[in-house]
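Reminder, nothing fancy here: chain letters follow the sequence lines and each chain counts from 1. The model shown is predicted, which means the values in this text are computed figures rather than measured ones.
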2 protein chains.
Amino acid sequence: MSGVTANAKRIGRVPRYHRIAETLRERIRGGALAPGARLDNQRELAKSFAVTLMTLRQALELLEREHLITRRHGLGTFVAAPSIDYDILQLRRFAGDLSAKGEHVATRLLGARFAAPDRRVAEALRLPARARVFVLERLRLVDDHPMSLQRSFLPPLIGDEVVRADLARTPLHQVLEFKLGVVIVRAHETVSAVRLGRREARDLGCHAGEAAFESERISHDAGGAPVVFDRVFIPGDRFRITRELHYEGATS
Amino acid sequence: MSGVTANAKRIGRVPRYHRIAETLRERIRGGALAPGARLDNQRELAKSFAVTLMTLRQALELLEREHLITRRHGLGTFVAAPSIDYDILQLRRFAGDLSAKGEHVATRLLGARFAAPDRRVAEALRLPARARVFVLERLRLVDDHPMSLQRSFLPPLIGDEVVRADLARTPLHQVLEFKLGVVIVRAHETVSAVRLGRREARDLGCHAGEAAFESERISHDAGGAPVVFDRVFIPGDRFRITRELHYEGATS
DNA sequence: GAACCTCAGTGTTCTAGAACTCTACCGTCC
DNA sequence: GGACGGTAGAGTTCTAGAACACTGAGGTTC
């Protein structure tokens, strides 16, 4: 196999339309294309990327599915207002990693300390009222933009171990699994709509009182014991839940 | 314009790949294709529908986005396992009837009129920008307490019929089904967190600016045509979404 | 027995275009 | 002034095919 071929292959590994989409994503993220701006028309774009209309359209389709752009028949293609969608049927992690969506996800550790739990947390973790819990506060960044604020509450015994791990690098689940042998098999999640408090708003870089999702999740290990209580705040303008419904049998 | 042309046009209104997707949907729903079954390969399917590979693939893309099929490179295209159970449960309580919970549920009709749709509505119902839609505004009461405000938008032709029904008594779905023969088989729902506007807050008996869920749902009939667009507001203090998660296999 | 190769079958990417539809806008005609 | 109709510009649908890439299975080699 010649060097040229090998090279072509390596480049060719990522389909053309993915690379085009990536280029456009960068233009949008980089600010070269502001929200609401109109892109060049499809024929122009196709020409400038030296591909067919169909190929270009595949790239646009990707971006549209990510809600980065919207296309309007007869009018043009526009940069959409920023927001992230979550398909609840895919049962990935609501509160956690969105990396499956191809975005650049980072986590910033805001704090880790022992503290007194509020009542909901104590109840969820089945702890006595005056116990102390280990609180882990993390900010999730998607493309360098704060996406969610996550507070994880751990029972004291587990907290003692976790506190030694490098949480800026290692996901909490991995610490639990590989260092403590705790595997989470089940979780119960409750999502409500709330207004952000001052502290949460500050960390998330938005205004107090803004609408947000609040997700509370209790994770259990194989033995059924509660292991983690997560409370996550996600500003309402950055997130959406979507579902596909099928009413096969009963039309009730 | 000749009759033939007019007819062809009317039929041609629905793109070929939408009709193909609909045919496949029926095969899946009808049981001709059981979950896990492999579909004919794409070239075969294209031939049997007398279209190009590209066109067929557009149809498959639709179905994949609805989670009705999954495609696996090198292996084939398969009917997806129905992950519906969870869905149906949720559906009831969401935008509509909470009666399953044993509460006393009532509906108050606030208004019914023709109006100009906003863009999201027009797009969802695939109407031209200047069309008019029939708007139905209803308040759901649980134990005499306002629970949700629901605005339903219907295409003009359907609205003409619905306007004659006694909507204070008859559920909209029944009107559609028994008077118009329209059965809703599929819907797409998007939930976001917003702050209530003044009007919505007044109708719901709470304060403007309060946090709320906003659910937008597009319902489709058996032919795949959008039939109703629902926009529902539920104050955040009156409602929660809950889910039970199981991470059996992959701990990913 | 394990590692490697090859091959058939299947999904994926891409080309090069042609024809169609939708929207906004701008006249013209009553 | 309002209704109608044409038009430019933009997105959408579709054809006909060629080449590529992934998976599993079976054979071959060591």
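- Within a 6.0 Å radius of CZ in R202(B), more than 12 heavy atoms belonging to other residues, nucleotides or ligands are found.
- Electrostatic pairing of E22(A) and R19(A) does not count as a salt bridge here, judged by no charged N lying under 4.0 Å from a carboxylate O.
- By the side chain to side chain donor-acceptor pair (under 3.5 Å) test, R120(B) is found to be paired with E216(B), residues two or more places apart in sequence or in another chain being considered.
- The distance from atom CZ of R71(A) to atom C1' of dT12(D) is 9 Å, rounded to the nearest whole Å.
- Put simply, the side chain of H188(B) reaches to within 4.5 Å of the side chain of T190(B), judged on heavy atoms.
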Inset, instruction - Spell out protein contact along nucleotides 14-19 of chain C as letters: B when the base is contacted, S when just the sugar-phosphate is, - when no protein heavy atom is under 4.0 Å; keep the 5' to 3' order. - result: BBBB-B
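- Atom CD in E44(B) sits about 12 Å away from atom C1' in dT10(C), given to the nearest Å.
- Between R57(A) atom CZ and dC20(C) atom C1' there is a gap of 12 Å when expressed in whole angstrom units.
- Side-chain N/O atoms of R140(A) and T107(A) include a donor and acceptor closer than 3.5 Å.
- The distance from atom CD of Q42(B) to atom C1' of dC20(D) is 14 Å, rounded to the nearest whole Å.
- Atom NE2 in H73(A) sits about 12 Å away from atom P in dA24(C), given to the nearest Å.
- Side chain of R72(B), nearest nucleotide from dG11(C), dG24(D), dT10(C): dG24(D).
- With no hydrogens or angles considered, no side-chain donor-acceptor pair links R38(B) and T77(B) at under 3.5 Å.
- The 5' end of DNA chain D is approached more closely, in terms of each residue's nearest nucleotide, by G74(A) than by the other of G74(A) and E64(A).
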